[in-house]
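Below you'll find the structure, written out as structure tokens, and then a few comments.
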Protein chains: 2
Amino acid sequence: MNNIGVLNVDAEAAAGWSAGLAPRAISGLTEAETAIFIAVRGAIVEQRLLPGTRLIEEELAAIYQASRMRIRRVLLALAHEGVIDLPPGRGATVACPTPDEARSVFQARRLIEVGMVEAQVGPIAPALAGVLRACCDAETEAGLVRDRARMIAASGRFHVELTRGLGNSVLVEIVSNLVGRSSLIIALFQRHPALCCRMDDHQRLLDALVAGRVKAAAGLMRAHLAAIEAGLDVAMTPTETSDLRFVLGRPDAG
Amino acid sequence: MNNIGVLNVDAEAAAGWSAGLAPRAISGLTEAETAIFIAVRGAIVEQRLLPGTRLIEEELAAIYQASRMRIRRVLLALAHEGVIDLPPGRGATVACPTPDEARSVFQARRLIEVGMVEAQVGPIAPALAGVLRACCDAETEAGLVRDRARMIAASGRFHVELTRGLGNSVLVEIVSNLVGRSSLIIALFQRHPALCCRMDDHQRLLDALVAGRVKAAAGLMRAHLAAIEAGLDVAMTPTETSDLRFVLGRPDAG
DNA sequence: AACCCCAATATTGTTCACAATCAACCTGAT
DNA sequence: ATCAGGTTGATTGTGAACAATATTGGGGTT
């Protein structure tokens, strides 16, 4: 009952959505509902809310000062997004992906993200390089301060922005979703709770892309994703969960 | 007001879901809601409900004898699935994909489906070949009878089942979604309303896969998807819509 | 004839109270 | 000590009524 802070709907959370979601409105949700969606999703993806944590409708309604009905719609959208489990009649919990799902998510990412890099010809556009450079910088900076949430957000943003640059809006939807679920998988199964994966993977990938070394870039992307997956121990079954209000709460909703 | 028949929740509709959806329950929906979801999605994907058609909550509630609240949840799920538009306050309509979305969907399909075939080594498993053969046969049979809906369903099932065999559950989710949206795109933009794409594309692709000619198979998949996209005229703006009750109705809900 | 504005209707959005269900706990027996 | 059973409280599911909003059609005007 002391998660009041993890679920802020503000600039903090805005950095969160970049970790895995396009800025446009979520289909079928109002603007207000979308804000809640983004805040909760951000907290989950940034591992401030751990897998298995229960999400009580009334608590969320109090935190966001919204009616239960709206919370319900948001929960349904989050379930479809794959970041919460929502079995009928027994409430919502932060999703606990299965080992099988973990493998499938990373296989899909290898197929899509490596393929996208391979399809590129020549160096990437300077504008895209700038965006990606900013992501790398943000990741490095967060790492120095040991800010795990910001690191995860910046790391995810790198993959999403790369997809926006090399792919299209539909691929951004897909990769955003996969990146978010990857974060859950890492939260559940990562062997050594290091702050993150090797920090310079993105940097070296970016260098190869800027230099137009497509084959090398594709290899780096494949190795990057393989390294993350290799760091998982799918036999693990952690039990720790989070305090909802502390993680999501707003100052005034204490 | 005479669509009572397009929205059946029965064997007819069951063939429909195969066109684009995994059999497992939709996350966050009850069994009953899932059945409605599958029925409506099937009607849309099989082009029995044309883009732009309005979906009135009370009409759907009457057709499926469900409360408006349940219909509402189903509509939200359909919106997230991308098969309906659901702007807040102005009701649901069968989605009208934009030309940009059309291009993006097919680019994503080329990346994923061609990549999956390329990653295959050797001939595909006999069991998978059998499933795919059945899809081809169903498609051919439906073509002889000029049953457009069944053709679309069988054609979509081919792509989904191929993904199930060569990929994994996450890729099946993704490809199912893309196949469904492709059907909407074709309904909107297809230049010559031929019954479908070249009927023997799937057959030849299957032959190459069975023979273990991976490179050839990948080329056939790429050409197949490119041919469909080439047949589109994204400048078209059709206005025809469907009668909801006629398409979705049940005999007893007349 | 085309356009704009306003009223009537249809449709969606919201709230409330209550029913149904599930989880936790406590009791008691083996 | 462990487990079965029942009871209590918390949480979710449901329905109906009402409010807000959008669409439709008509009438008037230019």
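Numbered from 1 within each chain, the chains take letters A, B, ... in sequence-line order.
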In whole angstrom, what separates L60(A)'s CG from dT11(D)'s P?
12 Å

Once you measure the plane-to-plane angle for H80(A) and H80(B), does it fall in the parallel (<30°), tilted (30-60°) or perpendicular (>60°) bin?
parallel

Could you grab the distance from atom OG1 of T163(B) to atom CD of E161(B), nearest 0.5 Å is fine?
9.0 Å

Measure CG/L76(A) against P/dT14(D) and give the value in whole Å, please.
13 Å

Which value, rounded to the nearest 0.5 Å, describes the distance between L178(B) atom CG and I174(A) atom CD1?
4.5 Å

Length of the line joining E33(B):CD and dT14(D):C1', which is rounded to integer Å
11 Å

Nearest heavy atom decides the nucleotide; on that basis, is P88(A) or R68(A) closer to the 5' end of DNA chain C?
R68(A)

Base, sugar-phosphate, or nothing for R72(B), non-hydrogen atoms under 4.0 angstrom?
base

Distance in angstrom units between M69(A) CE and dT12(C) C1', rounded
10 Å

Rounded to whole Å, please give me the gap between CZ in R73(A) and P in dG13(C).
7 Å

Measure the distance from CZ on R70(B) to P on dA16(D) and round it to the nearest whole Å.
13 Å

I56(B) has an atom CD1; how far is it from atom P of dT9(C), in whole Å?
18 Å

Closer than 4.0 Å, any side-chain N/O of S67(B) to the OP1 or OP2 of dT14(D)?
no

Are the charged groups of E229(B) and R109(B) less than 4.0 angstrom apart, N to O?
no

L86(B) CG to dA22(D) C1', straight-line distance once rounded to whole Å:
14 Å

With the side chain defined as heavy atoms from C-beta on, R54(B) is closest, among dT12(C), dG13(D), dT11(D), to dT12(C)

Report yes if at least one side-chain N or O of R90(A) is closer than 4.0 Å to OP1 or OP2 of dT11(D); otherwise report no.
no

